[in-house]
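Presented below is the structure to which this report refers.
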Amino acid sequence: MSGGETIWTEDPPFPANAKRSVGDAQLRRNIRKATTAIRRRRAGLVSEMPDWQELRAAGAAIKDEVLLHLDRYLEQFEQAASGRGAQVHWARDAEEANAIVSSLVQQTGEREVIKSKSMTTEEIGLGGALAKHGIEAIETDLAELIVQLGHDRPSHIVVPAIHKNRAEIREIFLREMGDAPPDLSDDPHALAEASRRHLRRKFFEAKVAISGANFAVAETGSLLIAESEGNARMCLTLPQTLISVVGIEKLVPTFRDLEVFLQLLPRSSTGERMNPYNSLWTGVTPGDGPQQVHIVLLDNGRTNALRDRIGRQALRCIRCAACLNVCPVYERAGGHAYDATYPGPIGAILTPQLVGVEHASKLPFASSLCGYCYEVCPVKIDIPTVLVKLRHDSVRAKRHPAEDALFAAAGNAMSGRRRWSAALKLAPLLRLLRHGGPPPLSRWTGVRDLPDPPRQSFRDWWVTEHVQEQPRNRAGGKR
Ligand code: SF4
């Protein structure tokens, strides 16, 4: 799904995309360098926490409590936020959310809005939807700005431009950012300074901002954004109107629960003890900050995921991207290969549940099932187990008659000793498939080496060595 679309259209062709990106050595170098650095920082900071496993268990338990009583917590949040002057809107899907946000912006008469980094607004394709109404949304997160100026798509949840190195970013700035200094170098400080100057003007001019949120507190109606640059805080404080699009799974029951997540999130996401900026806001404060605060609570497939006993744990996700940073498949294929808002292991389990497994049937297979993602997940999502379950669902949703016939024949052959012995006699025929074979078998052998079947089966060997030997031995004994 491209960032500009509002609805899911096709089953992402992960194998073809991955094959292409694996051939891009520069891309692989960029991703490996970045993920290795984040992985090391995370490991160092986690090892200094003696109660890390207890924190993970607490994070998982808090999120499970929310999911179990989501209806109650949502109503509590709505009441608390409304009581503090925010207007709460409910959106069943991407189209409804986009319509609500577009209409709210149109009511202000503005044609330009600033936007803080938000995966939820990426998920619904908000930028494209606003553009259809003649409204330009300017990304203010540095990495999102790079992606936007490069007419590109994010490829990582926390570091959306992870696939670009600084030389490529310099080129984008010089080409697309009108006020970039002509002698701009690729020094990270120089690049950050150029974007700071570019964005500062936008911050002071903007009347409307759009944000997401990392957490929503049911008890107080507060929202929280954790970030590194401070750009989201500018969005949250300077404009007159603030519209926050929040997935319904972002709730935590009480303010105190943030204590757990504000330890888990920065260590898992950017490898920091705490995020440089944690911004909390609750409704409207007269004379201070936005005077119009809207919160759009988004479902968009989340209640479908909630129905699934095994799959619902994906809704615990706090979007830290630790699972992406350790995933051998993500490191080699890159985020664009998933062709979805959420790449990597979390994307492989979340996307099929949000859009329906029949529309993302390849993604659950985009994993080696090594289990490293489960090990690092701060809210203990058992990603491998959900992947296996979704693979099962995917096969059931997209049954192939030839595959069905093959497995029926295998089942039949294995159901009796004589039949199985007879089937083994056909094993040498497998040699014919070593270099391909008719579809759909060629799709399997095209990407895997089929081992040469042995000249003799174990059963035949056993009969030769033991059963046929016995009469000779007995005969020898009589002599
Ligand atoms: S699944 Fe776990 S590790 Fe992956 S992004 Fe979500 S919270 Fe982080």
Side-chain angles (χ1 to χ4, degrees), residues 31 34-35 38-39 41-43 45-46 49 52-53 55-64 66-67 117-120 122-123 154-160 162 212-215 224 226-227 247-252 257-258 260-272 275 301-302 305-306 308 310-331 335 338 340-354 360 363-364 366-390:
I31 296 175
T35 52
I38 305 174
R39 231 172 19 227
R41 282 207 306 269
R42 178 206 162 271
L45 288 176
V46 165
M49 300 284 288
W52 183 250
Q53 295 309 328
L55 273 172
R56 286 178 80 210
I62 293 167
K63 281 292 187 176
D64 281 350
V66 167
L67 296 175
K117 179 178 171 295
S118 152
M119 293 309 294
T120 312
E122 284 290 337
E123 175 191 325
S155 68
H156 190 275
I157 294 175
V158 174
V159 197
I162 198 169
N214 292 95
F215 302 102
L224 182 143
E227 50 149 351
I248 53 175
E249 84 286 14
K250 296 285 174 74
L251 284 171
V252 295
D257 294 325
L258 292 176
V260 171
F261 294 104
L262 292 184
Q263 294 183 74
L264 289 172
L265 180 61
R267 285 180 169 81
S268 304
S269 59
T270 45
E272 293 168 301
N275 292 101
R302 285 157 176 78
L306 196 58
D308 191 301
I310 296 172
R312 72 169 68 120
Q313 57 187 303
L315 297 176
R316 288 184 205 150
C317 177
I318 56 172
R319 311 283 190 268
C320 71
C323 56
L324 276 68
N325 299 332
V326 298
C327 177
V329 176
Y330 175 85
E331 186 175 303
Y338 296 78
T341 306
Y342 304 105
I346 180 59
I349 61 168
L350 191 59
T351 308
Q353 296 196 79
L354 294 183
L363 293 184
S367 168
S368 63
L369 296 182
C370 69
Y372 204 173
C373 47
Y374 181 29
E375 216 173 285
V376 297
C377 178
V379 283
K380 296 184 81 166
I381 300 174
D382 185 353
I383 295 175
T385 297
V386 182
L387 281 169
V388 171
K389 194 261 171 196
L390 289 170

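Just the heavy atoms: all of them, side chains too, but no hydrogens, waters or symmetry mates, feed the values below. Quantities reported herein were computed from a predicted structural model and do not represent experimental measurements. Just follow the structure's listing: the first ligand is 1, and inside any ligand the first atom is 1.
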**Q.** Heavy-atom closest contact (Gln53 atom, Arg56 atom, distance)
**A.** OE1-NH1, 2.8 Å

Q.
Contact between Asn214 and Phe261 at the side-chain level, heavy atoms closer than 4.5 Å - yes or no?
A. no

Table please: side-chain donor-acceptor pairs of residues 372-382 below 3.5 Å, with sequence neighbours left out.
unit_1: Asp382; atom_1: OD1; unit_2: Thr385; atom_2: N; d: 3.4
unit_1: Asp382; atom_1: OD1; unit_2: Thr385; atom_2: OG1; d: 3.1
unit_1: Asp382; atom_1: OD2; unit_2: Thr385; atom_2: OG1; d: 2.7

Q: State, with a plain yes or no, whether a side-chain heavy atom of Asn325 is found less than 4.5 Å away from one of His156.
A: yes

(Q) Give me the number of protein N, O or S atoms whose distance to atom 6 (Fe) of ligand 1 is under 2.8 Å. (A) 1

Q | Non-hydrogen side-chain atoms of Lys63 and Leu315 separated by less than 4.5 Å | A | no

Q | Side-chain H-bond candidate by donor/acceptor type, Tyr342 with Glu122, under 3.5 Å | A | no

